[in-house]
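I have placed the structure first, in the form of structure tokens, so that the comments after it can refer back to it.
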Amino acid sequence: MLASYLSLALGASLALAVKPLVVKDNYFVNPDTGNRFQIVGVAYQPGGSAGYNPELRKDPLSNADNCLRDAALMQVLGINTIRVYNLDPDLNHDECASIFNAAGMYMILDVNSPLVGESLTSYNPWESYYASYLNRTFAIVEAFKNYPNTLAFFSGNEVITDVAAGKTVPPYVRAVTRDLKNYIAKHSKRSIPVGYSAADVRKVLFDSFHYFECAEDGNQNDPSKADLFALNSYSWCGAATFTSSGYNTLVDGFTGSSIPVFYSEYGCNTPSPRIFTEVPTIYGPQMTGVFSGGIVYEYAQEVSDFGLVDIHDDGSATILKDFYTLRDQYAKLNFTTIQGVKPPKEDPPVAPVCSAKLITTPGFCNNFTLPVLPPGAKQIIDNGVKPTPSGKLVSISSWSVKQTVKNSDGSVLKNLAVKPFSNDEVNEPGSNVIDSGSGATASTTGSAASPTQSKKNAAPGNIAPGTVVAAAAIAAAAVIGAGF
Ligand SMILES: *[C@@H]1O[C@H](CO)[C@@H](O)[C@H](O)[C@H]1NC(C)=O
Ligand SMILES: *[C@@H]1O[C@H](CO)[C@@H](O)[C@H](O)[C@H]1NC(C)=O
Ligand SMILES: *[C@@H]1O[C@H](CO)[C@@H](O)[C@H](O)[C@H]1NC(C)=O
């Protein structure tokens with residue numbers, strides 16, 4: 001009660017959509033309800049790596065119009081998390097973070113970028129581990145730590161892709177994880193998990209996992225121990241199965257993990273168009289005990305041809321076929337089950353003691369002595385990044401999308417808008433727009449279909465013109481349209 005009065009008093013127009021999550025054993029949980037959270041995510045890097053350009057002062061979360069357009073479409077898709085790779089800590093992300101927050105979406109953020117001096121290098125990591133590099137990673141923490149929907153930071157992405165890199169890089173990635181966690185402990189009001197995003201190269205995957213998961217001397221509070229582990233995996237292609245995709249061996253390999261494991265990228269695109277039949281398996285009984293969901297690669301169409309939405313130079317966008325297919329796969333899931341379960345209480349897994357015995361591939365580093373902080377870095381951890389980037393939720397004046405967005409058949413989506421949630425709600429399929437099949441029969445009355453009732457009958461096809469839920473118009477009934 002008090003809390004809701006307070007939030008009203010402090011910022012009546014701020015949408016306070018999501019609750020900061022915590023890691024409990026190998027699950028993400030909502031600390032109020034104790035319920036598990038599973039990631040239903042999409043990789044968000046419009047413009048590819050060129051979408052981040054410090055000289056042009058742009059990154060994927062610095063243009064509110066674009067974020068509004070994309071958050072509205074992601075609500076339609078059924079997404080609850082975005083992953084953003086390349087960010088500029090010195091830009092203002094308040095509007096974009098507030099939009100995704102209000103849309104019920106968390107953010108998983110890479111602290112690195114491909115630019116020189118902004119990530120560890122794979123073969124001579126000692127040459128890239130210096131104070132101004134760490135300062136950059138801490139600046140990302142400063143820029144995002146105050147947003148409630150910041151879910152986690154990646155301390156590295158695919159730095160180890162072969163045994164040669166596995167020989168030298170692991171202590172450095174573990175050191176960066178340690179440094180970030182020490183920085184967060186000192187400068188953030190809440191704990192934000194940090195972990196590594198691995199390439200699914202089986203020769204080094206499980207050694208990487210064991211190297212990062214373990215606890216020095218068994219100390220479960222060891223700051224160099226990863227809080228989570230993620231992998232970019234493209235092994236499920238077309239009409240594969242749990243076994244033919246090798247997902248079964250991933251589940252075997254990560255069973256007993258003491259930290260959450262999830263796909264930080266998935267979505268093989270050959271054959272194309274994609275059918276996304278891995279979705280029911282990722283969120284089904286064979287996997288959810290071990291995995292906490294995954295992030296589909298990727299939202300925006302680039303030359304690599306993984307996109308769900310084609311964004312044009314003028315900011316208008318066209319929805320691609322894979323978008324509808326993925327949306328329909330999500331719509332078939334039972335989110336009451338997916339988000340509603342409590343983690344088991346008995347026998348919580350414990351991180352193993354770091355030891356050479358954990359490492360199985362000859363040539364992969366099995367020495368857990370980490371590099372000490374480079375000169376100048378301790379002062380930054382002690383005193384904080386100066387000048388200090390900062391972020392805060394702001395109120396958004398309009399939830400309506402300004403650019404033109406078209407279905408793949410060329411029809412224009414009318415009244416496309418983000419539907420802001422009230423307290424603690426997370427987006428799920430069916431919470432915003434509507435599928436009315438042909439589009440001809442869409443009703444505009446917000447009659448009572450609730451998101452959970454609506455799952456079953458999602459018809460394939462376009463998003464009907466004029467059937468998008470306008471933000472404020474329908475407060476509770478999240479769905480309209482004949483398909484539901
Ligand atoms: C640390 O990061 C801040 C914020 O990006 C930047 O302004 C400052 O120049 C950086 N300092 C060093 C020593 O790299
Ligand atoms: C979803 O799962 C819950 C509990 O696990 C169950 O009560 C409910 O009937 C299911 N909903 C549908 C539409 O199957
Ligand atoms: C482990 O690495 C540290 C730092 O590089 C080194 O000093 C030490 O000798 C190594 N230990 C073994 C057993 O090789």
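Order of listing sets the numbers, starting from 1, for every ligand and every atom in it.
- Centroid-to-centroid, the aromatic rings of Tyr211 and Phe368 come within less than 6.0 Å.
- For the pair Leu250 and Phe291, the minimum side-chain heavy-atom distance is below 4.5 Å.
- The existence of a salt bridge linking Asp90 and Arg57 is excluded, since no basic side-chain nitrogen approaches an acidic carboxylate oxygen closer than 4.0 Å.
- Taking only nitrogen or oxygen atoms, main chain and side chain alike, Asn135 reaches within less than 3.5 Å of ligand 1.
- Under a 4.0 Å criterion applied to the non-hydrogen atoms of Lys386, ligand 1 contributes the atoms 8 (C).
- Within ligand 2, counting atoms from 1 as listed, the ones closer than 4.0 Å to a heavy atom of Thr337 are 1 (C), 2 (O), 5 (O).
- Those atoms of ligand 1 that come under 4.0 Å of a heavy atom in Pro387, given as number and element, are 3 (C), 4 (C), 7 (O).
- The shortest separation from a heavy atom of Arg136 to ligand 1 is not under 4.0 Å, leaving the residue out of contact.
- Two rings, from Tyr247 and Tyr263, have their centers less than 6.0 Å apart.
- Across the listed options Asn334, Thr336, Ile338, Asn334 owns the non-hydrogen atom lying nearest to atom 2 (O) of ligand 2.
- None of Asn35, Asn80, Thr33 except one satisfies the side chain to side chain contact (heavy atoms under 4.5 Å, CB included) rule with Gln339; the exception is Asn80.
- Looking at Val372, Asn366, Thr369, Asn367, it is Asn367 that brings a heavy atom closest to atom 14 (O) of ligand 3.
- Here the side chains of Val42 and Leu308 are in contact, with some heavy-atom distance below 4.5 Å.
- None of Phe335, Tyr106, Tyr27 except one satisfies the ring-ring contact (aromatic ring centres under 6.0 Å, His included) rule with Phe37; the exception is Tyr106.
- Counting only heavy atoms from C-beta outward, the side chains of Val350 and Ser258 never approach each other to under 4.5 Å.
- Of all the atoms in ligand 1, the ones that sit under 4.0 Å from a non-hydrogen atom of Val385 are 1 (C), 2 (O), 3 (C), 4 (C).
- By the 3.5 Å distance cut-off applied to N or O atoms, Ser132 is not counted among the residues near ligand 1.
- For atom 4 (C) of ligand 1, the nearest protein heavy atom (residue, atom name, distance) is Asp90 OD1, 3.2 Å.
- Atom 9 (O) of ligand 3 is never approached by the protein to below 4.0 angstrom, counting heavy atoms only.
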